[in-house]
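By convention here, the first residue in the shown sequence is residue 1. Predicted model, so just to flag it, every value in this text is computed and none were measured.
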Amino acid sequence: VAGCLTLLQCWIYEYFPGFRPSHFEPPVVGPDEAWASRWIGQPATGSVADPSVRLVFYRRALDSLTPADVFWTPFHQRPHQVVRRSLYTGVIRFADIGEFYDPARCLRQFGYRQMVPPPPSRPQRADRPEAPGGYVIRIPESFDAAWDALLSHMVHIDMYSQPWRTYPYETTVDYLDWFVAHSHCRVLRDDGDADRLVDSAAVRFDH
C-alpha cells in the first residue's frame, strides 16, 4: 500500500457505511475545509482492541458485503455535473509525478451503469530502479496537452448512460463476464484454511 493511508481510510468511510466509526454523525464541512475532516477516528476498546480480533471481524464483514452495502455516489448523485474534470481520462501530472486516471473503469461512482472499459493507456516506458521504493514511467509529451484540451479527453457518458441505471450497482450484461476473466483467478486467505480457496470463475453476483 502506497500513499496517504488517512485519505484511504476516509475514502472507505464514504463508500462503505458499515465500516464507519460507530455512533458518529459526520458534520457538514465548510467550503474551505478538507472533506476528510468530516471523520474522526475512534480508538478500539475492549476485545476489539486486540489486532487478531479486529482482523477476523473485518474479514467477516468484507465477506458478507453485497453490492447494496456500498454507497456508490457519496459525494453527489451525478458528480460529473459538479466537477466536470472528474470525467477527464488520461494522465494527471504534478511536477515530475504522473498518474493515469480512467473514470471509465468506475462509472458506478458517477451514477452510471458500469460497462466494459476500453484498454488502459500505456506509458512509453516503465523502469523499476534497483533501489526499492519507487518506479519511473515515461509518458509521451502529447499526454501533457490532454489536460488543457478537456472536451477532447473526457469519457463520453452519453455513449454509456442510456438507459439510465435502475439500481446503483447496475452493469451492462457483458461486464461481469469481463470482470471475472480479468480479475484475480484465485483468492487465498492467509490463515491456512485450504477450504477457503475459491475459483473466481465460480463467483457470481445476483446482478
Side-chain angles (χ1 to χ4, degrees), residues 1-83 85-112 114 117 120 128 132-135 137 155 167-169 171 179 182-184 187-191 193 196 198 200 203 205:
V1 176
C4 180
L5 294 184
T6 300
L7 290 180
L8 175 61
Q9 189 172 11
C10 293
W11 180 87
I12 292 171
Y13 291 162
E14 296 290 347
Y15 283 90
F16 301 93
F19 293 89
R20 294 175 178 176
S22 59
H23 309 296
F24 179 74
E25 184 68 24
V28 177
V29 298
D32 299 325
E33 297 178 274
W35 187 266
S37 64
R38 296 177 355 118
W39 302 103
I40 299 175
Q42 297 180 344
T45 59
S47 61
V48 183
D50 183 345
S52 61
V53 173
R54 288 206 307 272
L55 178 61
V56 172
F57 170 80
Y58 285 119
R59 277 184 172 174
R60 289 177 177 172
L62 288 170
D63 286 343
S64 63
L65 276 178
T66 68
D69 295 323
V70 180
F71 190 3
W72 294 95
T73 53
F75 306 110
H76 193 274
Q77 289 304 305
R78 300 190 182 186
H80 71 281
Q81 294 181 349
V82 180
V83 184
R85 286 192 182 273
S86 61
L87 290 183
Y88 162 82
T89 180
V91 175
I92 298 177
R93 181 191 291 273
F94 175 75
D96 61 344
I97 299 174
E99 293 291 344
F100 288 97
Y101 175 72
D102 187 0
R105 306 185 82 83
C106 54
L107 284 177
R108 285 172 291 191
Q109 296 186 27
F110 297 96
Y112 295 102
Q114 180 62 54
R128 184 176 294 277
Y135 57 91
I137 62 173
V155 172
Y167 47 89
Y169 45 90
T171 67
F179 176 79
H182 289 77
S183 184
H184 298 297
V187 178
L188 177 62
R189 302 297 174 82
D190 190 22
D191 56 7
D193 188 351
R196 300 178 77 176
V198 179
S200 68
V203 177
F205 295 94

- Task: Applying ring-ring contact (aromatic ring centres under 6.0 Å, His included), name anything that partners Phe19, two or more places apart in sequence or on another chain.
- Result: Tyr58

- Please round to the nearest 0.5 Å and tell me the distance separating atom CD1 of Ile12 and atom CD of Gln9. 7.0 Å

List the atom pairs, with distances to 0.1 Å, where a side-chain N or O of residues 100-110 and a protein N or O form a donor-acceptor pair under 3.5 Å, not counting sequence neighbours.
| residue | atom | partner | partner atom | Å |
| --- | --- | --- | --- | --- |
| Tyr101 | OH | Ser86 | O | 2.7 |
| Asp102 | OD1 | Ala104 | N | 3.1 |
| Gln109 | OE1 | Tyr15 | OH | 3.0 |

Enumerate, atom names and distances included, each donor-acceptor pair closer than 3.5 Å involving a side-chain atom of residues 68-76, sequence neighbours excluded.
| residue | atom | partner | partner atom | Å |
| --- | --- | --- | --- | --- |
| Asp69 | OD2 | Thr66 | N | 2.9 |
| Asp69 | OD2 | Thr66 | OG1 | 3.1 |
| Trp72 | NE1 | Pro67 | O | 3.1 |
| Thr73 | OG1 | Gln77 | NE2 | 3.4 |
| His76 | ND1 | Arg78 | N | 3.0 |
| His76 | ND1 | Arg78 | O | 3.3 |

- Message: How close do Ala34 and Val29 get, counting heavy atoms only, and between which atoms?
- Response: O-CG1, 3.8 Å

- Item | Arg38: salt bridge (Lys or Arg N to Asp or Glu O under 4.0 Å) partners, not counting sequence neighbours | Glu14

